[in-house]
Amino acid sequence: MTGVCVVVLLGLGALHVAAGWRTRWPLRRTASWLAGLTAAGAGVVLSAAHDDLRLHMAGHLLLGMVAPLLLVLAAPVTLALRALPVAAARRLSRVLRSPPLRWATDPLVAVPANAAGLWLLYGTGLHAAVVHRPAPAALVALHVLVSGYLATAAVLAVDPAPHRRGVGVRAGALAAGAAAHDVLAKWLYATPLPGVPFAAEGARLMWDGGTVVTLVVAGVLWRRWYVSRAAVRAAGAPTAAVAGPA
C-alpha cells in the first residue's frame with residue numbers, strides 16, 4: 001500500500017512540474033505543491049501507527065490540515081486551466097461548474113463534512129475498527145486528505161470557483177470547523193480512547209497542532225482579503241483623482 005502511495009504522489013508531482021514547465025508558473029506554487037505531497041506521504045506513514053496515538057494524530061494533522069493547505073496554495077486548478085488545451089480546459093471548467101462539485105466546494109458544506117468525518121472516525125469506534133486493516137485504513141487516510149483539501153480550498157478560494165461565498169461566510173465556516181475540531185480534541189483528552197497507548201498525548205497534539213494550522217489558514221485568508229481590498233482601492237484611485245471633487 002505504501003508503494004502505491006509513493007507512485008501516486010510521484011506521479012502527481014511530475015504532472016504539476018510538467019504543467020508548470022509549459023506555462024509561466026510561479027516557482028513558489030510548484031514548491032508548495034511538492035511540499036504538500038511530501039506532507040501527505042509522511043502523513044500516510046504516520047497515520048498507520050494506530051498503536052501510538054501521538055504518531056497517528058501527527059499523521060492525520062499532516063494529511064488533513066498541513067498537506068491540504070500547501071496543496072491549495074499551489075492553485076492546481078488554475079494551473080490545469082492554463083496548461084491544458086483549450087477544449088480540455090473548457091471541459092474541466094464545465095465539470096467545475098457542475099452541481100456536485102459546486103456543492104462539494106461550498107464552505108458551508110465542505111467544512112462541516114470535514115469535521116463530521118473526524119467525529120465519525122474517533123467518536124464511533126471506527127478508529128478501532130480499522131486498526132491493522134490496511135485497506136480500510138487507506139480509505140480513511142484518503143478521505144482525510146480529500147475532505148481536508150475541499151474544506152481548505154472552500155475557505156481560501158485560491159482557485160477559481162463558481163458562486164464563491166463572501167469572505168465573511170468563509171471566515172465563519174473556518175471558525176465553526178475549528179471549534180468542532182477543538183471540542184473533539186478536548187473530548188478525546190478527557191475520555192481517552194480505551195486500549196490505545198498515549199491517547200491523552202495524542203489528543204493534546206490534535207488540539208495544539210490543529211490550532212496552529214487553523215491560525216495559519218486564518219492568516220492566509222485575511223491576507224488574501226486585505227490584498228484584494230487594496231487592489232480594488234488602487235484601481236479606483238485614478239478615477240477618483242480624474243473626476244475631482246463633486
Side-chain (Arg54) to main-chain (Glu201) donor-acceptor, under 3.5 angstrom = no

request  = Ignoring hydrogens and angles, tell me if any N or O in the side chain of Trp25 forms a donor-acceptor pair with the backbone of His16 under 3.5 Å.
outcome  = no

inquiry  = Looking at every heavy atom in both Ser32 and Leu73, which two are closest together, and how far apart are they?
reply    = OG-CB, 3.7 Å

inquiry  = Using side-chain heavy atoms (C-beta onward) and a distance below 4.5 Å, is Leu46 in contact with Leu62?
reply    = yes

ask   = Which heavy atom of Trp187 sits nearest a heavy atom of Tyr122, and at what distance?
value = CZ3-O, 3.7 Å

remark   = Looking only at heavy atoms, the pair that brings Arg170 and Ala157 closest together is NH1-CB, 3.7 Å

request  = For the pair Ser93 (side chain) and Arg90 (backbone), establish whether a donor and an acceptor sit closer than 3.5 Å, ignoring hydrogens and angles.
outcome  = no

Residue pair Leu70 / Val66, side-chain heavy-atom distance below 4.5 Å = yes

key: Over 12 foreign heavy atoms within 6.0 Å of CZ, Arg204   = no

Candidate pair Leu188 and Met57, rule side-chain contact (heavy atoms from CB on, under 4.5 Å), full reasoning = CA-CA 12 Å; Leu188 290 174; Met57 282 299 183; 3.9 Å; yes

inquiry  = Do Leu71 and Trp33 have side chains that approach each other closer than 4.5 Å (heavy atoms only, starting at C-beta)?
reply    = yes

ask   = Going by heavy atoms in the side chains, are His181 and Met206 under 4.5 Å from each other?
value = yes

inquiry  = Are Leu215 and Trp207 connected into the same hydrophobic cluster when the rule is that any two of I, L, V, M, F, W, Y join if their side-chain heavy atoms are below 4.5 Å apart?
reply    = no

task = Mind listing the closest non-hydrogen atom pair of Trp225 and Val167 along with its distance?
result = CD1-CG1, 3.6 Å

message = For a side-chain contact (heavy atoms from CB on, under 4.5 Å) check, start with the C-alpha distance between Val158 and Arg29, then their side-chain angles and the critical distance, and finish with the verdict.
response = CA-CA 11 Å; Val158 174; Arg29 293 204 183 275; 3.9 Å; yes

message = Using the rule given for side-chain contact (heavy atoms from CB on, under 4.5 Å), can you reason through Met65 versus Thr214, listing the C-alpha separation, both sets of side-chain angles and the distance that settles it, and then say yes or no?
response = CA-CA 8 Å; Met65 300 189 76; Thr214 298; 3.6 Å; yes

task = State, yes or no, whether a side-chain contact exists between Val183 and Trp119 at a heavy-atom distance under 4.5 Å.
result = yes

request  = Of all the heavy-atom pairs spanning Ala173 and Val111, show the shortest one and how long it is.
outcome  = O-CG1, 3.2 Å

message = The test is side-chain contact (heavy atoms from CB on, under 4.5 Å); show your working for Leu69 and Leu156 and say whether it passes.
response = CA-CA 9 Å; Leu69 173 60; Leu156 293 182; 3.7 Å; yes

ask   = How close do Cys5 and Val44 get, heavy atom to heavy atom, and via which atoms?
value = SG-CG2, 3.9 Å

task = Would you confirm whether Asn114, through its side chain, and Ala151, through its main-chain N or O, come within 3.5 Å as a donor-acceptor pair?
result = no

inquiry  = Can you classify the ring geometry of Tyr226 versus Trp222 as parallel (below 30°), tilted (30 to 60°) or perpendicular (above 60°)?
reply    = parallel

